[in-house]
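The structure appears right after this line, and notes come after that.
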Amino acid sequence: MAVRAAEWHKLPIALTELCINTTLRCGQSFRWRKSAEDEYSMALHGRILSFRQDATHLHYRAIFPSSLPTPPPSNAPSVVSDDDTLALVQHYLNLEPSLVQLYEKWAFADSNFKKRAPKFTGIRILRQDPWEALIGFICSSNNNISRISGMVHNLCKHYGPLIGHIGDEPYHDFPTPEALADPKVEAHLKELGFGYRAKYIAKTAQIVAADKSLAWLEELCNPESPVFGQEPKPAGELELGGREGYRKAHDELLALHGVGPKVADCVCLMGLGWSESVPVDTHVWQIAQRDYKFGKGKHSSLTAATYTAVANRFRELWGKEAGWAHSVLFTADLKAFSERVAAKTEVKEEVITVKKEEEDGTEKTEDVKKIETVKRKRVKKEVDEPEQQVVEVKEEVLTRSKRRRAR
DNA sequence: TGATAACCTGAAAG
DNA sequence: ACTTTCAGGTTAT
């Protein structure tokens with residue numbers, strides 16, 4: 001019992017290999033919440049998992065439902081050997097590939113990547129639960145990260161099992177297909193503000209629960225990168241359109257209601273471990289036009305053919321982990337991170353003449369050079385981040401009080 | 001195959 | 001205060 005209690009553990013890792021502050025907030029997973037300053041938490045595999053990070057280590061903690069504040073029996077064995085949290089963390093964060101090496105490879109092949117990546121290091125593709133990824137990205141259509149996060153949170157709150165609390169905050173795991181297949185779900189989700197996505201979610205859940213199965217979905221995984229607890233197997237050679245298993249997974253997902261090419265690619269990349277999958281959304285389409293010469297002639301608009309051409313081009317350029325590289329440029333394009341690109345440090349400089357009435361009736365004049373440094377994060381609550389605004393005001397007195405006669 | 005409209009919502013921008 | 005646009009798209013015609 002004592003071992004299962006909420007204790008922090010640490011894992012040595014450089015920020016260039018993993019940056020949770022970017023990776024957990026860049027629109028891959030919609031379920032991480034800020035549980036304290038510099039701390040992210042989420043229910044996963046029957047426990048609440050929390051992360052912190054410093055320059056040299058990732059710190060993690062698991063809170064299990066059973067870890068109540070009951071004293072352990074006096075002569076109970078003090079070691080529990082079945083705590084798989086370390087293995088779960090390594091699996092979920094996909095820590096195997098060397099990100100630094102991959103960045104070097106992409107930078108060598110692509111000058112635009114080389115230019116944009118330095119401010120966005122440590123972005124890693126997570127290995128999320130396929131079912132959660134599927135429903136999460138169905139929610140993402142024509143939507144923003146803040147609202148998607150709220151919707152996914154509502155799904156968990158109303159249909160997912162309660163795992164535990166941090167403070168007063170309850171943490172629920174993601175609901176099963178069966179839970180979301182209930183006939184009342186669609187109407188309820190509409191009340192909760194899901195809009196037209198309510199029908200997509202309900203239909204998809206009903207089909208997966210009744211006709212297909214979770215096993216069906218999990219079998220679409222990249223065998224090199226299976227769900228937690230399964231042994232990896234080889235997945236074949238990369239082709240321009242992606243490996244065969246990737247194309248099969250993409251095809252099968254397209255049959256689901258509310259799943260188009262972009263959502264299918266998100267599920268392939270972030271839920272099924274197909275690293276060559278390149279979701280082409282509005283951002284990526286903008287990037288393709290701005291930096292990769294798309295948007296003219298044959299590919300002047302984002303049709304199905306253009307979609308494939310863009311994805312193929314990026315696979316050609318970046319190789320087997322094209323989806324990982326794509327995620328770096330995607331994040332660099334997000335408004336929530338725009339202050340890094342612009343290094344938004346406005347420096348206002350103005351000289352102000354301050355007049356003060358002295359008690360003795362004289363007037364004191366100071367010319368003050370006021371330097372304001374304003375740093376602001378423009379987008380509010382993408383996760384739960386309060387708008388941070390640092391205003392430093394330095395005043396340099398240029399001219400010492402010149403005394404004048406009172407009138 | 002390629003265009004176009006319709007689809008929910010809510011915060012930001014004008 | 002009010003209208004339009006935008007947000008990690010998909011479906012139907």
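Labels below follow one simple rule: chain letters A, B, ... track the order of the sequence lines, proteins then strands, and each chain is numbered from 1.
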Checklist outcome for this item: Symbol by symbol from the 5' end, with Watson-Crick or G-U pairs under 3.5 Å, [ ] crossing and | another strand, DNA chain C is .||||||.|||||
Checklist entry - Who passes ring pair (Phe, Tyr, Trp, His ring centres under 6.0 Å) against A/His91, sequence neighbours left out? => result A/Phe228
Item to check | side chain to side chain contact (heavy atoms under 4.5 Å, CB included) involving A/Ser98 - partner list, sequence neighbours excluded | outcome: A/Glu17, A/Val100, A/Gln101
Checklist entry - Contact class for A/His326 (heavy atom, under 4.0 Å): base, sugar-phosphate, or nothing? => result base
For a quick test of your reading: what N or O donor-acceptor pairs under 3.5 Å do the side chains of residues 49-57 of chain A make, sequence neighbours left out?
{"from": "A/Ser50", "atom 1": "OG", "to": "A/Ser41", "atom 2": "OG", "distance (Å)": "2.7"}
{"from": "A/Ser50", "atom 1": "OG", "to": "A/Arg61", "atom 2": "NH2", "distance (Å)": "3.1"}
{"from": "A/Arg52", "atom 1": "NE", "to": "A/Glu39", "atom 2": "OE1", "distance (Å)": "3.0"}
{"from": "A/Arg52", "atom 1": "NH2", "to": "A/Glu39", "atom 2": "OE1", "distance (Å)": "3.2"}
{"from": "A/Gln53", "atom 1": "OE1", "to": "A/Ile20", "atom 2": "N", "distance (Å)": "3.0"}
{"from": "A/Gln53", "atom 1": "NE2", "to": "A/Leu18", "atom 2": "O", "distance (Å)": "2.7"}
{"from": "A/Asp54", "atom 1": "OD1", "to": "A/Thr56", "atom 2": "N", "distance (Å)": "2.9"}
{"from": "A/Asp54", "atom 1": "OD1", "to": "A/Thr56", "atom 2": "OG1", "distance (Å)": "3.3"}
{"from": "A/Asp54", "atom 1": "OD1", "to": "A/His57", "atom 2": "N", "distance (Å)": "2.7"}
{"from": "A/Asp54", "atom 1": "OD2", "to": "A/His59", "atom 2": "NE2", "distance (Å)": "2.9"}

Item to check | For A/Ala117, all residues meeting side chain to side chain contact (heavy atoms under 4.5 Å, CB included), sequence neighbours excluded | outcome: A/Tyr103, A/Phe113, A/Val328
Just distance, no hydrogens or angles: give the donor-acceptor pairs under 3.5 Å from side chains in residues 158-170 of chain A, sequence neighbours left out.
{"from": "A/Tyr159", "atom 1": "OH", "to": "A/His188", "atom 2": "ND1", "distance (Å)": "2.5"}
{"from": "A/Glu169", "atom 1": "OE1", "to": "A/Arg33", "atom 2": "NH1", "distance (Å)": "2.7"}

Can you give me the N/O atom pairs linking the protein to nucleotides 1-4 of chain B at distances under 3.5 Å, or say none if there are none?
{"from": "B/dA3", "atom 1": "OP2", "to": "A/Ser301", "atom 2": "OG", "distance (Å)": "3.0"}

Next on the checklist: Between the base of C/dC6 and the side chain of A/Arg147, is there a donor and acceptor pair under 3.5 angstrom?
Outcome noted: no
Checklist entry - Hey, can you pull the residues of residues 309-316 of chain A with a non-hydrogen atom under 4.0 angstrom from DNA chain B? => result none
Checklist outcome for this item: So, with a heavy-atom separation below 4.0 Å from DNA chain C, the residues of residues 186-200 of chain A are A/Tyr196, A/Tyr200
Next on the checklist: Categorize A/Phe330 for me: base, sugar-phosphate, or nothing, with a 4.0 angstrom heavy-atom threshold over every strand shown.
Outcome noted: base
Checklist entry - Excluding sequence neighbours, so at least two apart, what forms side chain to side chain contact (heavy atoms under 4.5 Å, CB included) with A/Lys320? => result A/Glu224, A/Leu238, A/Arg243, A/Ser275
Donor-acceptor list for residues 199-213 of chain A side chains, cut-off 3.5 Å, not counting sequence neighbours:
{"from": "A/Thr204", "atom 1": "OG1", "to": "A/Tyr200", "atom 2": "O", "distance (Å)": "2.9"}
{"from": "A/Thr204", "atom 1": "OG1", "to": "A/His257", "atom 2": "O", "distance (Å)": "3.0"}
{"from": "A/Ser213", "atom 1": "OG", "to": "A/Ala215", "atom 2": "N", "distance (Å)": "3.3"}
{"from": "A/Ser213", "atom 1": "OG", "to": "A/Trp216", "atom 2": "N", "distance (Å)": "3.0"}

Checklist entry - By a strict heavy-atom criterion of less than 4.0 Å, which residues belonging to residues 258-297 of chain A are in contact with DNA chain B? => result none
